[in-house]
2 protein chains.
Amino acid sequence: MTLDTRLSWTDVRDQVRARILNRTYAPGDRLPRDEDIAQELGCARTTVHRAMQDLALSGLVERKRKGGTHVRADPVTRATFDIPITRREVEDRGAKYNYQLISREMEQTPRAVMARFGLQAPAQMLRVRALHLADNRPYILEDRWVDTTSTPEILKVDLAQHSANEWLVRNKPYSRVDVRFSAITAEGTTAEYLAAPLGSALFVIERTTWIGADPITTVQSVAAPGYQLVAQS
Amino acid sequence: MTLDTRLSWTDVRDQVRARILNRTYAPGDRLPRDEDIAQELGCARTTVHRAMQDLALSGLVERKRKGGTHVRADPVTRATFDIPITRREVEDRGAKYNYQLISREMEQTPRAVMARFGLQAPAQMLRVRALHLADNRPYILEDRWVDTTSTPEILKVDLAQHSANEWLVRNKPYSRVDVRFSAITAEGTTAEYLAAPLGSALFVIERTTWIGADPITTVQSVAAPGYQLVAQS
DNA sequence: AAAATTAATATGTAGCTACATAAAAATGTC
DNA sequence: GACATTTTTATGTAGCTACATATTAATTTT
């Protein structure tokens, strides 16, 4: 048991956060300099610096050189989501995972896919459609396009056995990713594959990845009715 | 012009990331110790440490004391979303913001709301329903419950003038938040208020906040058709 | 051989110094 | 007064030391 009351940077962060919460430092206010806070609390400036960095990262304060640290007037809620490979997601829920390949063919990219990649002209890419199942019930329907220029190896993968999702995540790291969420209405074959009532609302995750400037893949993953995405705490 | 090729921690991070991308360090592999990397690249261990922390934060590697640093075998896509106050969101799109109060009354919390707060028994709370408009078109319909025990001041706020969203964000900082996304079908008054075709799919953001262990507010925000949420790059 | 103890080790953290850098404030010039 | 230049200042970063802490690995004990 050490009797020293040495402050850790998380202690400092929590104290400063508490002061923001109880309005000692109100929205828009400028906080004291790191060094002054350090002196007041009896720790080093580096410790305060680390605490402040964390508060800035979480969106509570804004820091600027020479300008100092300000409590954000319009705090944003910042939420982080983990999007694991579908197999894991299913298995983590304690369900049995299954996978079915629906189609696999070279096609010309439609306008929507060009837009996602930021392409000027259409290209030939591998389009893979597949269904992921949880306990033998449809879970996620994915419609994927893979750039065979950046990823020719995909052509040799037996996609009936291994999902493109898994193969790509394991074998094709990306340097940039774009993720967006939306909702669509269940219609036609989408509704059929997901066994969703016609007209029901479906949650959609759109994910596009690049390596450097080169497109790798873009997927539209449509979840079965009732799907909910929860932020990391 | 300094001729020193002193490495910054972001340089180190990028170099290590590049090695993971190009399979020098493959998924599941253990990376060299921070100190060895530091020596190899010619910088201090602290610099490597900072770089590694960042890679761990972004989900690329996992670190454990004594265990070392490992490339994650099943990398997750980690995406961060900023959820600003609705006024800002609208104005940032260059649209004119408007707001309409629909109803405001004390009610007993239904089961769904109890669940969101984790309450055992129902409670009386202030229920506020309101519509946010962008360029005079429905944008987001919010159905909010405010705990008047933790937040009695809300009762004195003129909610016809200021949205509860804005007042709470500005005046009631929270210490914990739960965010989740889903999709629902447009029906009844929801469809009416949002001027959405019956049966169309609507994107839903559910946000619940606490201060310490005390509930503050929970909102279900239903967006007009076509809404898309984009991750921060 | 199994269990308990001890040692070794990689990451985590705090504090210090020194200097870099951006931006505001002060000053000087026309 | 308007504009350009210099100074000041608060945060940002790199490197060092020293020690904390969580685990694994090795050793001893039963």
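So that the names make sense, note that chain A is the first sequence line, chain B the second, and so on, each numbered from 1.
- Side chain to side chain, B:T77 and A:R207 meet the donor-acceptor criterion of an N or O pair below 3.5 Å.
- At most 12 non-hydrogen atoms from other residues, nucleotides or ligands lie less than 6.0 angstrom from CZ of B:R88.
- Residue A:T47 is classed as a sugar-phosphate contact, given heavy-atom separations below 4.0 Å to backbone atoms only.
- Rounded to an integer number of Å, the gap from CD of A:Q53 to C1' of C:dT13 is 16 Å.
- Nearest to the side chain of A:T69, among D:dT11, D:dA14, C:dG15, sits D:dT11.
- Within 4.0 Å (heavy atoms only), A:G68 reaches sugar-phosphate atoms of the nucleic acid but no base atom.
- Between A:D178 and A:R116, every side-chain heavy-atom pair lies at or beyond the 4.5 Å cut-off.
- Distance, B:E35 CD to C:dT9 C1': 11 Å, rounded to whole Å.
- Across the protein-nucleic acid pair, B:R63 atom CZ and D:dA22 atom P stand 16 Å apart, rounded to whole Å.
- Looking at B:R170 and A:D74, a side-chain N of the basic residue comes within less than 4.0 Å of a carboxylate O on the acidic one, giving a salt bridge.
- Atom CG in A:D34 sits roughly 12 Å away from atom P in D:dT13 (whole-Å rounding).
- Note on A:S8: a side-chain N or O is less than 4.0 Å away from OP1 or OP2 of C:dA14.
- Contact annotation: B:R33 side-chain N/O to C:dA10 OP1/OP2 distance is under 4.0 Å.
- When distances run from any side-chain atom of A:W9 to the nucleotides C:dT21, D:dT21, C:dA14, the shortest one goes to C:dA14.
- A donor N or O paired with an acceptor N or O is found under 3.5 Å between the base of C:dG12 and the side-chain atoms of B:R45.
- For the side chain to side chain contact (heavy atoms under 4.5 Å, CB included) with B:H132, the qualifying choice from B:V90, B:I140, B:N98 is B:I140, the only one to do so.
- Rounded to whole angstrom, the span from the NZ atom of A:K64 across to the C1' atom of C:dA25 amounts to 14 Å.
- One interatomic measurement links the two molecules: CE of B:M52 to P of C:dT13, which rounds to 15 Å at whole-angstrom precision.
- If A:T10 and B:K66 are placed on DNA chain C by their nearest nucleotide, the residue sitting closer to the 5' end is B:K66.
- Mapping A:C43 and B:P32 onto DNA chain C by nearest heavy atom places B:P32 closer to the 5' end of the strand.
- Straight-line distance from the CG atom of B:D11 to the P atom of D:dT13: 12 Å, rounded to whole Å.
- The CG atom of B:L55 sits 12 Å away from the P atom of C:dG12 (whole-angstrom rounding).
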